[in-house]
Each structure stands twice: as C-alpha cells, then as structure tokens.
S.K.: 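If you scroll down you'll find the structure; I have some questions about it.
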Amino acid sequence: MSGQHHFLMTPGPLALSDEVKAQMQFDMGSRDQSFKDITASMRERIIDLVEGNGTHSVVPIQGSGTYGIEAALASFIGSSDRPLVCINGIYGERILKILKLRGVQAVSMNASSDQPLSVVDIAAYLEQDRTITHLCFVHCETTTGVINPLDAIVALAKRRGIRTIIDAMSSFGAVDISARRTGFDVLVTSSNKCIEGPPGVAFVIASLELLRNKGNPINSFVLDVRDQWRSFEQTGEWRSTPPTHVIQACAKALDVLTVEGVIGRGERYGAVRDEIVRAVGRYASPLLNAQVRSPVCLALTADGIINTQQDFDALYVHLATYNLYIYSKLHPQTRSFRIGCIGSIKPAWILLLTTAFRDFFDGSRSTEKASIHLESELVQEVL
Ligand SMILES: *Cc1c(COP(=O)(O)O)cnc(C)c1O
C-alpha cells in the first residue's frame with residue numbers, strides 16, 4: 001500500500017474530493033430499497049444534466065467506460081448494419097476494433113488527430129456511400145483533447161436517417177451536451193472523468209425509442225443494455241452485483257456536479273488548462289490551436305527533447321518523484337503527452353509542476369536520485 005494520494009493530473013481516474021471519497025465507506029446491500037433509491041437518483045441526475053427527460057433513459061453498466069461502449073455497440077448495432085466510424089484518435093480506433101471483433105462490417109474514415117472531425121468530409125462520405133446505418137464518433141478525443149462538433153454531426157446524421165452512437169466519456173460533465181437540442185440516439189460516459197467519481201461504472205444514455213424496440217438478437221448477457229434497462233425500470237435493481245461503494249460515491253459526485261453546473265465545471269477546468277500552459281510554456285507547447293482545445297486535458301509537445309516513449313518515460317518518472325502523475329503514454333503520431341485538467345487539482349500542484357518541469361528541462365535531473373523530491377519541503381507542504 002502506498003499510504004498517500006498521488007497528485008493525479010490524468011484525464012481519469014482523477015483526484016476525488018473528500019466529500020465524494022467519504023461516500024465509499026458505507027457497506028450497503030445491493031438489492032435493498034435504500035440502494036435502489038441511490039441508483040434511481042443517480043440515473044435521474046444524469047438524465048437531467050443531459051436534458052433527456054421524456055425522450056432518453058440512462059442505463060448504468062458495471063465496468064470502465066469501454067464496457068459501456070462495447071455494451072452500446074453490442075446492443076444497438078446488428079450484424080447486418082453498416083456503421084461508419086469517424087476516427088481522429090485512439091478512442092475512435094477502439095470503437096472500430098470492438099465492432100470488428102464483434103463481426104460487424106464497419107467502415108471508417110480517418111482524420112488528422114490534431115484537428116476536429118470535419119462535418120463536410122463526413123457529409124461527402126455519406127453522399128458516396130448510401131448504405132451507412134450508424135455514425136460512431138468520439139466527442140472529446142482524449143488522445144489530444146480535441147473537441148469534435150457533436151451537434152453538427154448528429155444533425156447531419158439525423159437528416160439522413162442515420163443513427164448516432166457517441167463516446168462522450170471525457171466530455172460529459174464539462175462540455176454542454178443536450179439530448180433535447182441534438183436528439184442523439186446513444187451517448188456513453190463513465191463515472192471517473194468529468195463526473196468526478198471513482199472508476200467502476202459506465203453510463204449508456206439511449207433514446208427511449210431504441211430501448212423499447214426489440215433490437216437485434218444479442219449474444220451477451222452482461223452487454224445487453226435493454227435487459228439491464230428493463231431491470232432498472234421494473235425492479236429498480238441491477239441484474240448482477242454493482243460496485244455498491246462506487247455507486248454511492250457517484251451519486252454524491254452527481255449532486256456536486258448539479259450544483260456546480262456543467263458550464264461552471266468546464267470553466268474551472270479551462271482555467272486549470274490555461275494555468276498549465278503558462279506553467280510549462282517555457283519547455284513544452286500545446287499541440288492544438290486554442291479554439292479546438294477542450295478543457296479536459298492538454299496535449300503538449302517538447303520538440304527535440306521528447307520524441308520517443310523512452311524520452312517521455314524519463315519525464316514521467318521525474319514527475320513521479322514529485323508525486324505528480326500525468327498520463328503515462330506518449331502519442332507517437334503527434335509526439336505529444338497529456339496532462340489532465342480535471343478533478344480536484346490543487347493550485348499548489350501546478351506550482352510543483354512548474355518546478356518539476358524546470359528541473360527536468362534545465363538539466364538538473366541527471367544528478368538527482370529518484371524519490372528525492374518526495375522528501376523535499378515543497379512536496380511535504382503540498383501533501
Ligand atoms: C477514458 C476514455 C475511454 C475509455 O474509458 P475506460 O474507462 O478506460 O474504459 C474511452 N473513450 C474516451 C474518449 C475516453 O476518454
């Protein structure tokens with residue numbers, strides 16, 4: 001056991017507030033009415049946040065965000081469908097991979113990972129291929145933090161009678177998304193990004209129309225979104241054991257989000273992002289133009305110094321000696337690394353980041369032993 005919190009500056013999991021963590025100490029029976037009430041309140045909060053009352057319902061699925069994605073794809077895309085996956089990063093690629101693993105004849109459109117998806121290009125694709133039944137894409141592509149134009153893509157799909165399945169894992173809670181305004185079919189998010197809850201549950205938000213129709217035969221029990229939905233609607237219960245402690249914390253996190261508001265949260269993250277840009281600006285530059293940067297995470301490049309995963313590993317390990325944890329993988333195509341702006345990031349962590357970057361890039365790292373910083377006064381003060 002480590003016995004202390006990492007200073008998490010990752011795009012999920014993230015630093016939780018004390019009030020959310022405090023909810024994880026209560027043992028509860030998963031089939032008791034009091035727990036069913038918590039599940040119900042969590043589902044209501046999410047539907048309210050997405051303005052989906054009367055048109056959509058939310059189906060929590062045990063597991064990480066990817067489990068929700070796979071459940072949505074398995075439940076709403078059949079073997080005779082022909083989905084188009086619009087890809088500008090690794091999470092778009094993952095959607096395609098899941099569809100292929102499931103034997104679906106999916107096609108894909110690949111775009112540059114440092115630009116938002118182009119609605120014009122998607123429209124042109126749909127024009128020359130009239131067989132497309134579903135559009136799948138990522139709202140905030142966490143690979144670089146680029147925001148894709150959700151409303152415009154859904155509007156385009158609707159005009160053509162094409163269903164939409166959206167990975168909004170890292171945008172929900174910090175970027176405005178409205179079921180009423182857009183009329184998307186399916187949108188997936190998870191507990192441990194901008195909802196600011198612990199990892200362990202995904203949320204599939206689907207139109208009631210899709211949930212009520214019989215759908216294609218499904219060859220999975222755990223991924224069956226409709227069956228899970230019917231269980232919530234009919235008995236208030238999860239079909240199999242939910243992560244009870246996580247759900248309690250998540251319900252609390254959604255109460256907090258409702259008070260802060262999605263706009264307020266997005267502004268708070270945006271301020272953190274801009275502070276990080278200032279803090280490390282001497283050594284690393286943002287990959288994306290300011291207009292397409294999400295407030296969720298910041299992709300940075302340090303040309304000439306960080307070109308390979310191995311180069312980046314040295315920075316990662318160096319930052320960890322300050323108890324600072326950023327996302328551990330370099331994106332090879334863009335040679336960028338990312339810092340998360342979400343969760344309970346303390347101003348002192350950003351100060352520490354400034355010092356850590358300076359020490360690394362100005363070359364003092366080679367003379368210092370790992371973990372030396374953890375005992376330093378600076379870190380102790382923050383801890
Ligand atoms: C984090 C993330 C995922 C995957 O979520 P897991 O919880 O790691 O399964 C998928 N898509 C996007 C856009 C994400 O940011």
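Start at 1 and go down the list; that is how both ligands and their atoms are numbered.
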S.K.: Only pairs at least two apart or in different chains count here, so list each salt bridge (Lys or Arg N to Asp or Glu O under 4.0 Å) that has a residue in residues 129-141.
M.R.: R82-D129, E127-R130
S.K.: Which residue pairs pass the salt bridge (Lys or Arg N to Asp or Glu O under 4.0 Å) test when at least one of the two sits in residues 144-157, sequence neighbours left out?
M.R.: D151-R181
S.K.: Quick check for students: name every N or O atom pair between ligand 1 and the protein closer than 3.5 Å, with distances.
M.R.:
{"from": "ligand 1", "atom 1": "7 (O)", "to": "G65", "atom 2": "N", "distance (Å)": "2.9"}
{"from": "ligand 1", "atom 1": "9 (O)", "to": "S64", "atom 2": "OG", "distance (Å)": "2.6"}
{"from": "ligand 1", "atom 1": "9 (O)", "to": "G65", "atom 2": "N", "distance (Å)": "3.3"}
{"from": "ligand 1", "atom 1": "9 (O)", "to": "T66", "atom 2": "N", "distance (Å)": "2.8"}
{"from": "ligand 1", "atom 1": "9 (O)", "to": "T66", "atom 2": "OG1", "distance (Å)": "2.5"}
{"from": "ligand 1", "atom 1": "11 (N)", "to": "D167", "atom 2": "OD1", "distance (Å)": "3.3"}
{"from": "ligand 1", "atom 1": "11 (N)", "to": "D167", "atom 2": "OD2", "distance (Å)": "2.6"}
{"from": "ligand 1", "atom 1": "15 (O)", "to": "T142", "atom 2": "OG1", "distance (Å)": "2.4"}
{"from": "ligand 1", "atom 1": "15 (O)", "to": "K193", "atom 2": "NZ", "distance (Å)": "2.7"}

S.K.: Does E233 form a salt bridge (Lys or Arg N to Asp or Glu O under 4.0 Å) with R43? I'd like the steps, not just the answer.
M.R.: CA-CA 11 Å; E233 294 296 309; R43 292 178 64 217; 2.8 Å; yes
S.K.: Considering only NZ, NE, NH1 and NH2 on the basic side and carboxylate oxygens on the acidic side, decide whether D227 and R230 come within less than 4.0 Å.
M.R.: yes
S.K.: Do F184 and H56 have their ring centres less than 6.0 Å from each other?
M.R.: yes
S.K.: Using side chain to side chain contact (heavy atoms under 4.5 Å, CB included) as the criterion, list what pairs up with S79, not counting sequence neighbours.
M.R.: none
